[in-house]
Structures are given as structure tokens and as C-alpha cells.
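Report on one structure; see the data block that follows.
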Amino acid sequence: MDNSLSARSGPLARRGFDDVLGGSAASVLSVTYGLSYALLIFAGPLAPHLGQGIGITFAVSAVIALVLALASSLPFAIGAPDSSTAAVTAILAGSLVERLVATDPAAPLLMPVVITLGLTSLVTGLVLWACGMSRLGRAIRYVPYPVVGGFLGATGALIVIGAVGVITGQRPQLSTLSTLAHAQAAYELAAAAAMALLLYLTWHRSRNPFGLPVILVSGTVAAHLGFWLSGISPADAQTMGWTFQPPPHVALVWPWTAAELGSYPWAALPDVAGNLVAVVFVTAASTLFNTAGIEVATHHEANIERELAVTGVANALAGVLGGYTGCISISRTVLNVKAGGSGRISGLTVAVISLLMLALAQPLLGYMPKFVLGGLLLYLGADTLHKWTVQSRRRLSRTDYASLLLIIAIILAWGFIAGILIGVVIGCAAFALSAARINAVKFAFDGSEYRSSLDRSRDDQAVLSAHGREIQGLNLQSYLFFGSANRLYQQVKALLSRRPECRFLVFDFKLVTGMDSSAAYSFAQIKRLAEERDIRLVLVHLSPAVARALRAGEFISKEVSVAPELDHALEWCENAIIARHQGQAQDEASLRDWFARILGSAADAEELIGRCERLDVAAGTTIVRAGDPAASMHFILDGRVGIMVPAEHGGTTRVRSLGRYTTIGEMGLVAHTPRSATIQAETDSVLYELTIPRFEAITREHPALAQKLLTYFVTIMAERLSFANRTIAVLRR
């Protein structure tokens with residue numbers, strides 16, 4: 001038993017050691033990033049409170065790392081403030097400070113900023129938690145891609161601007177550009193740019209997870225080696241501005257007291273609401289994008305809804321501490337995995353080391369060269385900006401790319417709230433333009449090539465072949481709104497110009513997913529055009545929503561016909577065309593005349609009539625049933641019968657109808673195969689039945705007549721096959 005326990009404890013201890021090692025490696029990035037973000041946010045008028053900013057940063061890092069380690073769907077996940085969330089947080093803090101100083105230059109700044117950051121984190125946490133619990137997290141993916149890219153691209157630009165402020169101690173503005181030309185500032189910027197270039201040439205291209213911490217530590221060591229060789233002491237390096245002046249102390253602050261809440265400038269909160277919304281949006285987007293990136297890098301599937309809910313809880317707890325937002329980190333998580341971390345101890349290790357930084361950050365910052373942290377920020381900002389302004393060009397159309405650049409410019413000029421509003425407007429307009437390019441007509445047809453399922457006599461078919469183009473049909477698709485409907489009107493206008501003989505215009509709405517009220521105007525134009533040309537409009541497959549929209553626009557009236565199916569609509573139009581061109585002459589033809597025409601001989605017609613038996617069939621009567629043995633065929637003298645097949649949900653459905661002067665059952669008569677469908681009389685009908693024994697008698701006694709009948713049967717089947725081929729060709733358009 002002792003041996004088995006040792007065998008089991010060995011791998012567990014090894015995994016625990018690997019987790020600690022991975023978490024320690026990821027902590028190098030957490031420490032470096034944390035110092036950079038604190039310097040980015042607590043800059044300018046907030047610089048005297050950098051100690052409190054560092055304390056808040058590492059407290060938040062510990063909380064987020066702890067919560068994700070305990071509850072994330074990825075056990076090796078490392079969470080902390082991210083570059084994008086830190087950038088928008090810096091904008092939020094800076095905008096609040098700017099308003100407070102403008103109102104009262106002597107106003108206290110720390111507590112209002114901390115309360116604002118805490119409230120923002122609480123709101124962000126609640127929103128993310130609600131999105132995760134309600135499974136609405138993926139809704140952010142419906143935000144137009146240029147809007148998301150514009151937000152994150154602007155975030156990259158803001159990180160670059162903030163990095164310059166961290167390096168030089170002054171936020172770059174038009175009024176302070178001259179100070180950046182000072183020799184010391186130029187040297188510092190050049191060194192930071194060299195550091196950023198080094199990161200790009202080495203870690204960016206290789207993406208080795210160990211590369212970044214090695215480069216940062218090596219850069220710090222190399223800087224101090226250079227100071228030593230130059231005879232510059234650490235104190236002199238701080239005095240000359242090459243390293244940071246450490247804050248007097250690193251401490252946490254508790255903002256939630258009655259006195260602080262009572263003195264909080266609540267009137268300034270609406271002014272920064274846009275930036276607060278930006279923090280929520282960027283944190284949610286970073287959570288989703290980073291999680292997706294980790295899935296690809298580690299080949300582990302994450303639960304998106306759970307990640308949002310857990311990140312929401314972590315941010316809410318960070319808000320209680322007066323901290324700012326964070327999320328799961330790609331670089332730190334991947335580094336942890338590459339270093340061997342696979343369990344939740346890795347995140348716990350990061351949390352512990354982040355707490356230790358509350359005591360170690362002050363002396364450590366005093367030895368950190370500005371160009372190392374500033375170069376890191378420059379690289380992060382430039383990399384983000386390059387990703388969304390250069391690399392995205394290959395994935396976007398010209399319109400979307402121009403929208404992305406415009407949104408970035410708007411955010412940089414007027415802030416995130418303007419970017420949100422104008423970005424949504426641009427996204428909606430771009431979507432409307434792209435949707436308008438979708439052809440609302442899937443395919444068009446006319447009555448000479450696509451007909452109803454009613455099998456008609458040769459005379460009727462001849463009429464439809466000659467005049468079938470009087471029926472023009474349009475199979476519609478997609479969602480119809482003003483843009484696509486107006487394009488449809490232009491297509492109809494051009495169609496009627498090409499087909500002046502059109503008398504029936506059929507619209508099939510089967511593939512239409514919806515229609516807004518603005519599209520009704522274009523249909524009203526189509527209706528006026530049809531009335532001017534004496535064209536009957538026929539609508540089929542109208543959904544309730546589309547029907548309501550058309551009725552609200554007064555499009556549907558007694559002049560417009562509505563049919564449930566395209567087959568019925570075409571049959572009605574065909575009947576009208578036949579009645580118009582042929583009148584009732586066909587009703588005067590007799591069975592003898594019909595047989596004489598198909599057989600070419602009056603004597604053969606008399607002989608065939610003598611072999612057939614008249615059947616008077618009432619409407620609804622079943623003439624033959626599917627599966628019954630084939631015993632006869634039928635000549636339809638008057639009325640109409642339907643060919644019925646079983647429906648998917650029970651009952652039967654009509655697949656074809658046959659009218660007067662047509663035949664049914666020829667294949668069964670010749671091949672003796674069982675009936676393949678049920679045949680019912682749709683109206684009172686008159687049929688003449690030719691049984692198999694009588695046909696065989698004709699074959700023996702009158703072979704010439706039998707040959708004529710077989711030739712007629714082959715001709716009929718060839719015509720039906722040709723029509724089916726034309727129908728398939730139309731449907732494949």
C-alpha cells in the first residue's frame with residue numbers, strides 16, 4: 001500500500017511542481033505588465049498617487065488570477081488586467097481627472113478616481129456575469145467587425161500615446177510637443193523604440209512564450225550593466241530619468257466610506273459614461289477574443305458562457321477593492337502551458353506572487369529602466385494598431401476598411417461615446433449597402449418553360465407553348481427592405497419592357513425571410529406599373545409577416561390574387577390563357593375526333609372506342625390505388641384527376657393533375673408494373689378504360705393499331721420527360 005501511495009503521489013507532486021513553475025514564469029509577465037499598466041493609468045496629475053495605483057493593480061491581478069484559477073473552464077488559465085482594458089481604463093481615469101481639475105484645480109483626485117474605477121468594474125462584472133448566465137455572451141459577435149476593429153485599433157493607438165507619456169513623463173499633446181524634442185526625452189524615446197523593435201524582431205516573429213520574459217529581464221540587466229560601465233549609479237540613473245522614481249510606499253485604499261461617497265462628484269459621472277461603456281465593451285470583447293485565441297493555441301475547448309460569468313465575478317470583486325477591469329490573458333496563459341503548467345495551482349501561484357508584489361513593487365520599480373516598460377507598452381500598442389489597421393486590410397472590403405479607419409479617427413478625436421454612436425451608424429449603413437447588393441430574385445421563369453403539374457391535352461399544350469410567355473414568374477429570396485425592394489422594382493420594370501406580352505406577373509415569396517415597411521413602397525410602384533399595362537399580379541407562399549406588411553402598404557387588394565402554392569397559381573393563370581386563346585372550342589371535340597387525331601384514322605378511332613369502357617366518376621372517387629396491380633389505362637374525356645402520393649406528416653399530397661384529352665396508366669398497361677401512385681377524381685369526370693386483355697387483343701388482331709397506340713404512348717412520355725428536364729433546369733438557376 002505504501003508503494004502504491006508513493007507511486008500516485010509522485011506524479012501529483014510532479015504536476016504540482018510544473019504548475020508552480022508555469023505560474024512563476026507567467027508571473028514575470030504579470031509583474032512587468034502590472035507595473036506598465038499602473039504607470040499608464042496613474043500618470044499626469046495622478047502620478048503622485050502611483051504607489052496606490054501599483055497597490056490596486058497587483059491586488060486586482062491577485063483577485064482575477066485567483067477567481068479564474070478556481071472556476072475557469074480552462075484549469076491552466078491566467079487572468080489579470082490586459083493591455084486593451086488598461087488603455088480604456090487610463091482614458092476613463094484621465095477624462096475624469098480632466099473634468100475635476102477644470103472645475104477645481106485643488107480638488108482631491110485619488111478617491112474619486114478609485115471610486116469611478118470600482119463602479120466601472122462592478123458594472124462590467126455584472127454585465128459579463130449576466131451575459132454568461134443568460135447565454136447572451138456571443139451577442140457581441142453580432143457587432144459589426146469594423147466597429148470592433150475600430151475600438152481595438154483605437155485602443156492600440158491610445159496605448160502608444162500613453163507609452164510616450166510613461167517614457168517622457170508628459171502626455172503628448174500639441175502644446176507639449178516641443179518638450180519631446182529635448183535631448184533627454186529624445187534619448188529615452190529612442191531607447192524605448194529600440195526595445196519595441198527588439199521585441200518585434202525577436203519575440204513577435206518567433207512567438208516563443210519564454211521569449212518575452214527573457215527579453216524583459218535581459219533588457220533590465222543590460223541597462224544596469226550599461227549604467228555601471230558608464231559610471232552611473234542607480235541613484236544617478238533615477239535622477240537622470242533613465243529609471244523610475246519609486247513611490248514613497250505601495251498601499252491599498254478603501255474608497256467605500258460614507259465620507260468619500262458623500263464627497264464624490266456624482267455630477268461628473270454622466271460626462272464619463274461613454275468611456276465607462278467603452279470599458280465594458282472592450283473587457284467583454286477581450287474576454288471572448290482572448291479565450292478563442294487560447295483555444296487555438298492550446299487545443300483545449302473553453303466554455304464561453306462560463307468564462308464570461310467567471311470573469312464577471314472576478315471583475316465585481318476587483319470593483320469592491322476599487323480596482324479596474326481585467327480578463328483572461330493569452331500571453332500569460334500560453335507561457336504557463338509551455339512551461340508545464342496544466343492545473344489550477346498555476347493561477348494560484350500567480351495570485352500569491354501578485355500579492356507579494358505589494359511589498360516588493362516599490363524597490364523593484366526603482367530599478368526598472370523606463371525604456372524597458374515604455375518599450376513594452378510601445379510594442380503592445382503598435383502591435384495592436386498594426387493588427388487592426390494593416391493586417392485587417394486583407395480580410396475586409398474597401399468599405400469596411402474605410403469604416404474601421406474612420407471609427408479609429410473618431411475615437412481619438414472625440415472619444416469612445418462618439419465612436420460607439422457613429423460606429424453603429426456606419427455599421428448599419430454598411431450592412432444595408434451590402435444587403436442591397438443581394439439580388440432579391442433567385443430565378444425567373446415564364447409559362448412556356450415552367451408550368452403547373454396539371455397534365456393537359458396536346459391542344460392545350462400547344463396554346464401554352466405559343467402564349468406561355470404571358471406568364472412571368474419571379475422566385476424571391478432573402479430579406480426585403482427598401483434597398484433590395486427598389487432593386488426588385490427596377491428588375492420588374494426592365495422585365496416588362498422586354499416582355500410586353502406579359503399578362504400575369506407571379507411573385508413566389510417562399511424563400512423570403514421577412515420584409516420591412518419601407519419595401520412596401522417599391523411593391524406599390526410595381527402595382528401601379530402592372531395596372532398601367534393591364535397585368536394581373538399573383539402572390540404565392542405569403543408568410544403572415546409579409547402579408548401584414550403588404551396589407552399595411554395597401555398592396556393587397558381585389559386586383560391582386562393570392563394563392564397558397566405556386567402550382568395552383570400557375571394552373572389558374574394557364575386556364576385563363578387557354579380560355580382566352582382557345583375559348584370553348586375544345587369542349588365541342590368528341591372522343592372520336594380526339595382518337596382520330598392521335599391515331600390518324602377514323603376507322604382506328606372507331607375500333608379503339610369499341611374496345612374501351614366508359615366510366616362516369618364522381619369528384620373524390622379513387623380510380624386506382626398505389627400498389628394495386630396494373631390492369632388498365634384510362635383516356636380522360638372530361639373533368640380532371642389528380643395523382644396523389646403519401647405526405648411526410650400523414651395524408652396525401654398532389655404531385656400532378658391531368659385534364660381532358662390526356663391519359664393515365666400507360667406504363668402499367670405496357671410493363672404490367674404495380675401502380676406507383678393513387679389516382680383520384682378532382683371533379684366529376686368521364687373516363688374511357690382500356691384493360692390489359694383488350695389491349696392484348698388489339699395487339700393480336702390489329703397490330704397496326706397497337707403500333708400506333710405504342711407510338712402515342714412513347715410520344716406522351718417523351719413530352720413529359722422533356723418538360724421535367726426544363727423544370728429541373730429552371731430550379732437549378
Atom pair CD1/CG of Ile328 and Leu288 - distance to nearest 0.5 Å: 11.0 Å
Sub-4.5 Å side-chain heavy-atom contact between Thr389 and Leu405: yes
Closest non-hydrogen atom pair between Gly319 and Ser121, with its separation: CA-CB, 3.5 Å
Test side chain to side chain contact (heavy atoms under 4.5 Å, CB included) applied to Leu348 and Leu70, step by step: CA-CA 8 Å; Leu348 297 176; Leu70 295 177; 4.2 Å; yes
Donor-acceptor contact below 3.5 Å, side chain Ser73 vs main chain Asn303: yes
Approximate separation, where rounding is to 0.5 Å, of Ser36 OG and Leu29 CG: 10.5 Å
Any donor-acceptor pair under 3.5 Å from Thr85 side chain to Pro81 backbone: no
Nearest-0.5 Å distance that lies between atom CG in Leu122 and atom CG in Leu317: 9.0 Å
Trace of the side chain to side chain contact (heavy atoms under 4.5 Å, CB included) decision for Leu261 with Ile115: CA-CA 8 Å; Leu261 292 174; Ile115 291 174; 4.1 Å; yes
Derivation and outcome, side chain to side chain contact (heavy atoms under 4.5 Å, CB included), residues Leu109 and Val101: CA-CA 8 Å; Leu109 301 179; Val101 172; 4.2 Å; yes
Where Ala268 and Leu96 come nearest, the two heavy atoms and their spacing: CB-CD1, 4.2 Å
Residue pair Leu376 / Thr32: nearest heavy atoms and the distance that separates them: CD2-CG2, 3.5 Å
Ser95 and Asn275: CA distance, side-chain angles, deciding distance, side-chain hydrogen bond (donor to acceptor under 3.5 Å, both in side chains) verdict: CA-CA 8 Å; Ser95 61; Asn275 293 323; 3.1 Å; yes
Heavy-atom closest contact (Asn315 atom, Gly326 atom, distance): OD1-N, 2.9 Å
Sub-4.5 Å side-chain heavy-atom contact between Ile215 and Met195: yes
Parallel, tilted or perpendicular: ring planes of Phe289 versus Trp388, cut at 30 and 60 degrees: tilted
Pairing residues for Ile407 by the side chain to side chain contact (heavy atoms under 4.5 Å, CB included) criterion, not counting sequence neighbours: Val147, Ile411, Ile426
Separation of Glu307 CD from Leu74 CG (nearest 0.5 Å): 5.0 Å
Minimal non-hydrogen separation, Leu68 against Ala314, with atom names: CD1-CB, 4.3 Å
For the student: nearest non-hydrogen atoms of Ile353 and Ser27, plus distance: CD1-OG, 3.3 Å
Separation between CZ of Arg306 and CE of Met133, rounded to the nearest 0.5 Å: 11.0 Å
Check: Thr333 side chain, Ile330 main-chain N or O, donor-acceptor pair, under 3.5 Å: no
Rounded distance (nearest 0.5 Å) linking atom OG of Ser331 with atom CD1 of Ile294: 9.0 Å
Donor-acceptor under 3.5 Å (Asn336 side chain, Arg332 main chain): no
Ser286/Ser84 under side-chain hydrogen bond (donor to acceptor under 3.5 Å, both in side chains): CA gap, chis, key distance, verdict: CA-CA 7 Å; Ser286 298; Ser84 56; 2.7 Å; yes
Donor-acceptor under 3.5 Å (Glu260 side chain, Pro255 main chain): no
Verdict with supporting geometry, Leu216 and Val28, side chain to side chain contact (heavy atoms under 4.5 Å, CB included): CA-CA 9 Å; Leu216 295 175; Val28 176; 5.6 Å; no
Set of ring pair (Phe, Tyr, Trp, His ring centres under 6.0 Å) partners for Tyr37, sequence neighbours left out: Tyr33
Exceeds 12 heavy-atom contacts within 6.0 angstrom, atom CD of Glu98: no
side-chain hydrogen bond (donor to acceptor under 3.5 Å, both in side chains) between Thr325 and Thr283, worked out: CA-CA 7 Å; Thr325 62; Thr283 305; 3.2 Å; yes
